[in-house]
Amino acid sequence: MKIMDKNMSENTTETIFKDRTYSGSLKFGYGLMASNFITILKASWPFAMLFSIILSAICTILPTIYTSPDRLWIIAVLLFAGGLAETACYSGCVRLLTEYSQNNRMTRPRNWLTFNPQIFFRVLKAAIFMLLMTVFTATQTGACGYALTRLAGTELKPSPALTALALAIVFINFMIIIPATYPAMKYVMEKDTAFLPLMARHYRTGMRHFGFIMAIILVNIIIISVIGILLLQPLWIVSAANIQAYSGLAMGDSLGMPAYVMPVAFTVYTVAGFIQIYLRVSAIVNTCVMYGAIETGEASRLKAQQ
C-alpha cells in the first residue's frame, strides 16, 4: 500500500489547467480550497491573525473619532499596515497555488511562519494596480452621481440623454476593470515576467473571456457578501452600539457602556476579521482556477489556428 507523506495535504488529482465553464471552475476552486484548507491556513495564519488584530484596532478606535478627531492619523497608519498584512496572507496562498499549478499538490509548511518576498511584492504590485483602477472607477461613478444630483435641484434638470451618458461612462469604467483580472492573476502566478508589458499583452485575452471572468467575479462577490453578512452579525451589532455610544458622548451624553464592552468588542472584531480574510482567500483560489481555464482555452485556440 502506498504510504502518503504526512507533510502533503490531501489533494485532488485534477490540475488547474483545464478548460472549464465558470460553474465548473467555481466547483473545482471551492473543492480545492476545502481539501487543502489546513495547508492554506498553516501557510498564512500569522498574517491573517495580524490583519485581524489591526482591523480590530481600527474598528475599536474609529468610533472615538467623534470625540478625538486627532486620532485619524492612527487610523491611516493602521490601514496601511493592515493592507500589508492582508497582502502577505494572500501571498502565502498564492505560493501554494503556484506549487499546485506545477505539481498538482500543496506542501504543508514545516515552519509556523513562511514568507516569500518575491511573491509578496508581485501580489502587492498587482493589488495596487487593481486598487487604483477601482478607485478611479469609483471616483468617476461618484462624480457622475454628484453631477446628476446637483442638476436635479436646479432649473437645468438632467435630460434623459445626459443621464444615459453618465450611466454609460460608469458602465464603461467598470467594464475596463474586469478584463484586467486575468493578466493580474497571470502575473502573480508566473515569475520572471514584467507587470506592465504582460498587462498590455494579455489585456485583450481578458476581453475575449469577458463573460467568463465577470461570472467568476460576480459569484465571488455574492458569496463573500452573503456569507459575510450571515457570519459577521455580531460585528455589525457591536459596531452600531459603539458608534451610537460615542456619537452621543460627542453631544454631551455619558458613554453609558460597561468596562467589559471594549475587550468583548476587540475579540469580536478580531474573530470577524479572521473569518473575512479567508472568505477573500476563497476568491483568490477561484481566480487562480479561472486563470488556468483561460490559459488552457487560449492554448487550444492557438493550436486550432495553426
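Positions are given from 1 along the sequence. Predicted, not measured: the structure shown is a model, and the values here were computed from it.
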- Item | CA sep, side-chain torsions, deciding dist, call: Met185, Ile294, side-chain contact (heavy atoms from CB on, under 4.5 Å) | CA-CA 11 Å; Met185 194 68 204; Ile294 293 176; over 6 Å; no

- Query: Nearest 0.5 Å, what's the CG-OG1 distance between Asn220 and Thr181?
  - Reply: 10.0 Å

- Item | Exercise: identify the closest heavy-atom pair between Phe212 and Thr21 | CE1-C, 3.6 Å

- Message: Measuring only between side-chain heavy atoms, which start at C-beta, is Arg301 closer than 4.5 Å to Arg208?
- Response: yes

- Note on the structure: Between the NZ atom in Lys42 and the CG atom in Asn111, the distance rounded to the nearest 0.5 Å is 8.5 Å

- Measure the OH-CG distance between Tyr100 and Asn104 for me, rounded to the nearest 0.5 Å. 5.0 Å

- Message: Are the side chains of Ile40 and Val281 in contact, using a 4.5 Å heavy-atom criterion?
- Response: yes

- Pairwise side-chain contact, Met49 with Thr270, heavy-atom cut-off 4.5 Å (strictly under): yes

- How many angstroms lie between CG in Asn286 and OH in Tyr291, if you round to the nearest 0.5 Å? 16.0 Å

- Rounded to the nearest 0.5 Å, what's the gap from CZ on Arg280 to CD1 on Ile275? Could you check? 12.5 Å

- Message: Heavy-atom count check: over 12 atoms from other residues, nucleotides or ligands less than 6.0 Å from Tyr22 OH?
- Response: no

- Query: Looking only at side chains, do Glu295 and Tyr182 share a donor and an acceptor under 3.5 Å apart?
  - Reply: yes

- Just wondering, do Val289 and Phe17 contact through their side chains at under 4.5 Å, heavy atoms? no

- Note on the structure: Rounding to 0.5 Å, atoms CG (Asn36) and CE (Met33) come to a distance of 9.5 Å

- Are side-chain heavy atoms of Leu97 and Ile284 found at a separation under 4.5 Å? yes

- Query: Which atom names give the shortest non-hydrogen contact between Cys93 and Val285, and what distance separates them?
  - Reply: SG-CG2, 4.0 Å

- Task: Could you tell me which non-hydrogen atom of Thr60 sits nearest to which non-hydrogen atom of Ser56, and how far apart they are?
- Result: OG1-O, 2.7 Å

- Message: Checking side-chain polar atoms at under 3.5 Å, does Tyr269 have a donor or acceptor matched by the opposite partner on Ser52?
- Response: no

- Task: Decide whether Ser91 and Arg122 meet the rule of one side-chain donor and one side-chain acceptor closer than 3.5 Å.
- Result: no

- Flag the pair Arg95 / Thr114 as yes when at least one side-chain heavy-atom distance between them is below 4.5 Å, and no otherwise. yes

- Query: More than 12 foreign heavy atoms under 6.0 Å from CZ of Phe210: is that the case here?
  - Reply: yes

- Check: Phe28 and Ile16 side chains under 4.5 Å, non-hydrogen atoms: yes

- Audit row: Met290, Ser25, side-chain contact (heavy atoms from CB on, under 4.5 Å) steps and yes/no: CA-CA 6 Å; Met290 177 202 76; Ser25 296; 5.5 Å; no

- Query: Going by the angle between their ring planes, with limits at 30° and 60°, are Phe195 and Phe129 parallel, tilted or perpendicular?
  - Reply: perpendicular

- Query: Under 6.0 Å between the ring centres of Phe47 and Phe51?
  - Reply: no

- Item | Salt-bridge present (Glu298, Lys303; N to O < 4.0 Å) | no

